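Lettering of chains follows the sequences in order, A, B, ..., and the numbering in each one begins at 1. Quick caveat, the model's predicted, so the values are computed rather than measured.
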Amino acid sequence: MNELLASTFLFGVAILCFGLPLVPTIVELRKRGAARPLSVDRTNEGEIRHFANTFKTLLESNFRNPTFRECLDQGVDLQGTFNDGTPYRVLRSTTGMFAPATPDSRSIPELIIFSGPSVVPASLEFVHGLYAAEDIDCGKKTVVRSLYGARNVRLREGAVVLRWIHADNELVAGAGCELYGRASAEESMRVGRGVEFERLYAPRIVFENAGIAGPAHVLDRTPQQFVKIKATRMAGRCYAIDEDLDLPPNSLIHGDFVVRGDVTIGRNSRVEGSIKSQKRICIQRGATIQGSVIGGELEIESDCRIRGPVVASSEMIIHTGCRLGDEMHPTSVTAPYILVDPGVLAFGTVWARERGRVGGLIAH
Amino acid sequence: MIALVIRCGVSVVLVVATLYALRHYWFTLNRLFGSQLHPYVDIDTADWPNVTVLIPAHNEELVIAQLLNALLKVNYPPDRLLILPINDRSEDRTGEIINDFAGRFPNRIRPFHRQSGEGGKAAALRDAMELIDDEIVLVFDADYIPGRGLIKQLVAPFFDPGVGAVMGRVVPWNVGRNCLTRLLDLERAGGYQVDQQARMNMRLVPLFGGTAGGLRKSAVAAVGGWDPNTLTEDTDITFRLVLAGWEVVYQNRSECYEEVPENWYSRIRQIQRWAKGHNQALARYSFPLMKHKNSTFAQRIDGLFLLAVYAMPVLILAGWLLALLSFYIDGESLSGILSMLGISAYTSVGNFAPFFEIAAAMRLDRTRRKILLMPLNIFGFLVSLMAVTQATVSQTLFPFWRGSFIWHKTERSANRAA
């Protein structure tokens with residue numbers, strides 16, 4: 001073979017070897033297929049009602065003549081298909097209107113809109129969403145993908161919500177319900193014993209018999225006394241403690257405390273500030289924390305009051321009679337695992353990233 | 001003897017570069033397979049505190065209005081949010097635009113027209129901090145566009161009394177402008193999505209980036225306030241806070257759009273300023289950090305690596321030169337070591353974002369198509385290598401030539417965000 005030809009061939013092969021892997025790069029550079037900024041969700045904002053609001057907007061956009069509002073006000077029975085192919089039914093009440101897919105199946109294949117008060121029979125499964133313009137009472141073991149109640153919503157024992165549920169007034173979840181995803185109510189929420197949940201929001205959340213967590217304050221009336229603790233000032237009213245903090249009962253301390261060891265806030269003590277430890281925090285019976293509590297593992301014994309956010313990076317146990325936040329100062333309570341005893345009252349958000357449960361034990 | 005010295009030099013470079021590479025692998029694996037730490041993003045309901053947003057602005061007429069508009073739309077309680085734009089000796093219409101907004105929203109925007117004093121962002125922030133009473137201070141550069149929920153997300157970590165600073169994720173919006181902006185998009189993704197979040201996961205030292213973040217005013221005051229004699233006030237304040245026992249938190253889900261440099265000149269000046277500032281911080285804080293008893297061993301080591309990140313390009317370049325010298329002086333082939341060195345250098349320096357971190361970030365962001373541009377990243381790497389080396393060498397050899405440091409502002413584009 002001609003030497004020149006051989007050299008040219010070799011050079012060409014070398015160029016190919018180096019150049020071929022760059023072809024997709026050059027094509028992408030010219031076509032600019034991925035030249036858009038990363039899509040950042042700037043509307044959701046973590047808003048708990050996001051899906052509920054989107055659902056309502058979807059319904060409103062799919063009813064033109066009559067409009068969604070007219071449809072509800074007229075109380076007519078309607079049936080049809082939305083633009084995206086979802087079948088729907090508008091019903092005045094629940095009497096004799098369900099047509100499960102098969103006789104054995106309890107599954108409702110349409111998106112259901114109730115224009116009047118409704119009582120859903122037990123054990124039905126709603127594959128699509130559910131909208132209730134008036135009060136709705138879901139029977140035992142009802143399974144709903146999502147539910148928007150424009151008034152009050154009641155879930156009977158063992159009901160399951162797969163994605164989200166929202167009530168414009170009150171939401172009641174009976175014993176043993178499973179609330180996956182988001183559950184919110186604009187006025188109040190009552191959550192029964194054995195309910196498993198992920199994310200709850202209401203101005204007032206009552207975990208079963210909340211009469212226990214009434215306005216009465218600490219049970220122990222012993223006067224609190226100022227105590228001095230060994231701490232280093234970090235800035236302003238913030239102090240660092242390099243060891244465990246074991247606050248005796250009936251103590252009173254002022255300031256924010258960042259503790260490197262375990263923390264025990266003694267019975268009936270009062271902290272006029274916040275507490276943080278990456279280890280274990282135990283707040284004993286009747287103690288009051290005016291600020292936030294940030295811990296690794298957190299146990300709040302009965303009848304405690306915490307005003308600020310409560311955050312645990314592993315597990316949180318909240319005993320009966322505790323009050324988290326108040327009417328004027330709603331707050332967030334968050335941890336991967338949250339176990340709440342019946343009789344706890346929370347104001348704002350209770351968010352179990354992995355699993356939350358009312359009473360009993362949490363299986364990790 | 002000379003050959004032995006050279007070989008030792010090469011070996012040292014090789015070891016350091018490999019350590020950096022391992023660190024990046026560790027971060028990437030943690031981000032892909034480890035448990036993720038987002039302790040404060042779930043705080044969505046609270047009795048929100050009063051907050052002041054500082055906007056240092058020097059000749060920002062092209063972008064300041066879009067930031068002010070965005071801040072006026074956030075979902076933070078308006079009566080608890082004060083916007084304080086700092087018109088820092090601007091010579092364009094920045095002051096006029098700010099006054100216009102302040103006139104329309106007198107209860108929400110309080111302008112601070114800084115007519116004299118030292119130059120630079122740190123000096124502007126220092127002066128502005130004296131004017132505010134709120135304990136929580138957020139800082140946004142003028143080219144940033146926060147989303148509606150960002151302020152709450154950045155404030156939430158301050159309910160933790162141990163948190164001194166919070167940093168959100170920076171996302172370029174002018175990605176499609178040219179090849180450089182696309183490369184910077186990759187670099188930012190790797191740096192924030194993987195590097196910063198991995199540091200957060202492992203409770204190391206996430207970096208407060210000086211913008212799209214917040215600070216606790218009393219903590220800043222306790223560590224001596226903003227230092228105007230630094231070119232990277234963000235790195236400086238990060239390490240002073242860490243040394244004082246404060247925690248710096250990174251929130252990957254608190255994303256904020258920014259404008260990245262659109263020409264290589266701006267980019268080089270930007271990275272040279274970062275390099276000089278980081279090197280300053282390296283000189284100031286590496287020994288105190290090593291001796292810091294309240295930091296864990298991992299925090300100290302990672303902090304040192306973070307401080308020395310802009311010294312690495314110099315080391316890498318020196319390693320290459322030494323390897324070549326060794327080849328000619330020693331007569332023995334160092335091709336194996338040389339290629340290993342090259343690979344280590346490439347995987348460890350690229351301004352925090354080696355290619356595997358970028359790849360992991362693309363996967364986590366679900367923007368896999370962007371990965372096609374990865375081979376071009378070598379250009380960004382080489383430019384960074386040369387620019388940082390030049391900055392570091394000039395800073396080391398001629399530290400007193402210029403007297404005080406000159407703070408070069410990054411140029412803005414006339415193109416507005418969509």
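- Ranked by heavy-atom pairs under 4.5 Å with chain B, the first of A:Val333, A:Val293, A:Val310, A:Ile294 is A:Ile294.
- By the 4.0 Å N-to-carboxylate-O rule, B:Arg182 lies close enough to A:Glu28 to be salt-bridged with it.
- Heavy atoms closer than 4.5 Å to chain B are found in the side chain of A:Tyr201, but not in its backbone.
- Without hydrogens or angle criteria, A:Ser332 side chain to B:Asp44 main chain gives a donor-acceptor distance under 3.5 Å.
- The residue among A:His329, A:Met328, A:Met234, A:Arg237 with the most heavy atom pairs within less than 4.5 Å of chain B is A:Met234.
- The shortest distance between side-chain heavy atoms of A:Ser292 and B:Asp160 does not fall below 4.5 Å.
- Contact annotation: the side chain of B:His38 never approaches that of A:Arg353 to less than 4.5 Å [non-hydrogen atoms, C-beta and beyond].
- Using a cut-off of 4.0 Å between Lys/Arg side-chain N and Asp/Glu carboxylate O, B:Arg216 and A:Asp256 are scored as not salt-bridged.
- The two atoms that bring B:Arg369 and A:Gly33 nearest to each other are NE-CA, 3.8 Å, heavy atoms only.
- In this structure, B:Trp246 and A:Cys238 approach most closely via the heavy-atom pair CH2-SG, 3.8 Å.
- Residue B:Thr45 comes nearest to A:Pro330 through the heavy atom pair CG2-CB, 3.6 Å, listed as atom of the first residue, atom of the second, then distance.
- Note that the CZ atom of A:Phe347 and the CG atom of B:Asp47 stand 13.5 Å from one another [nearest 0.5 Å].
- Both the backbone and the side chain of A:Leu38 come within contact range of chain B, each with at least one heavy atom under 4.5 Å from a heavy atom of that chain.
- Scanning all heavy atoms of the two residues, the minimum distance from A:Pro309 to B:Ala46 falls at CG-CB, 4.4 Å.
- Proximity to chain A is limited to the side chain of B:Arg203, based on heavy atoms less than 4.5 angstrom apart.
- Contact annotation: the side chain of B:Asp42 never approaches that of A:Thr349 to less than 4.5 Å [non-hydrogen atoms, C-beta and beyond].
- Of the two parts of A:Arg233, neither the backbone nor the side chain holds a non-hydrogen atom closer than 4.5 Å to a non-hydrogen atom of chain B.
- The CG atom of B:Asn75 lies 8.5 Å from the CD atom of A:Glu47; values are rounded to the nearest 0.5 Å.
- Contacts between B:Lys73 and chain A at a heavy-atom distance below 4.5 Å are absent for every atom of the residue.
- In this structure, A:Arg36 and B:Thr367 have side chains that are not in contact, with every pair of non-hydrogen atoms separated by 4.5 Å or more.
- Only the side chain of B:Glu247 comes within less than 4.5 Å of a heavy atom of chain A; its backbone N, CA, C and O stay farther away.
- Here the closest non-hydrogen pair linking B:Pro172 and A:Pro37 is O-CB, 3.5 Å.
- Side-chain contact between A:Leu29 and B:Leu376 is present, with at least one heavy-atom pair separated by less than 4.5 Å.
- At a 4.5 Å heavy-atom cutoff, B:Arg368 makes no contact with chain A through either its backbone or its side chain.
- Distance OG/A:Ser274 to CZ/B:Phe158: 13.5 Å, rounded to 0.5 Å.
- Ranking A:Ala34, A:Pro21, A:Ala235 against chain B, the residue ahead of the rest is A:Ala34, based on heavy-atom pairs under 4.5 Å.
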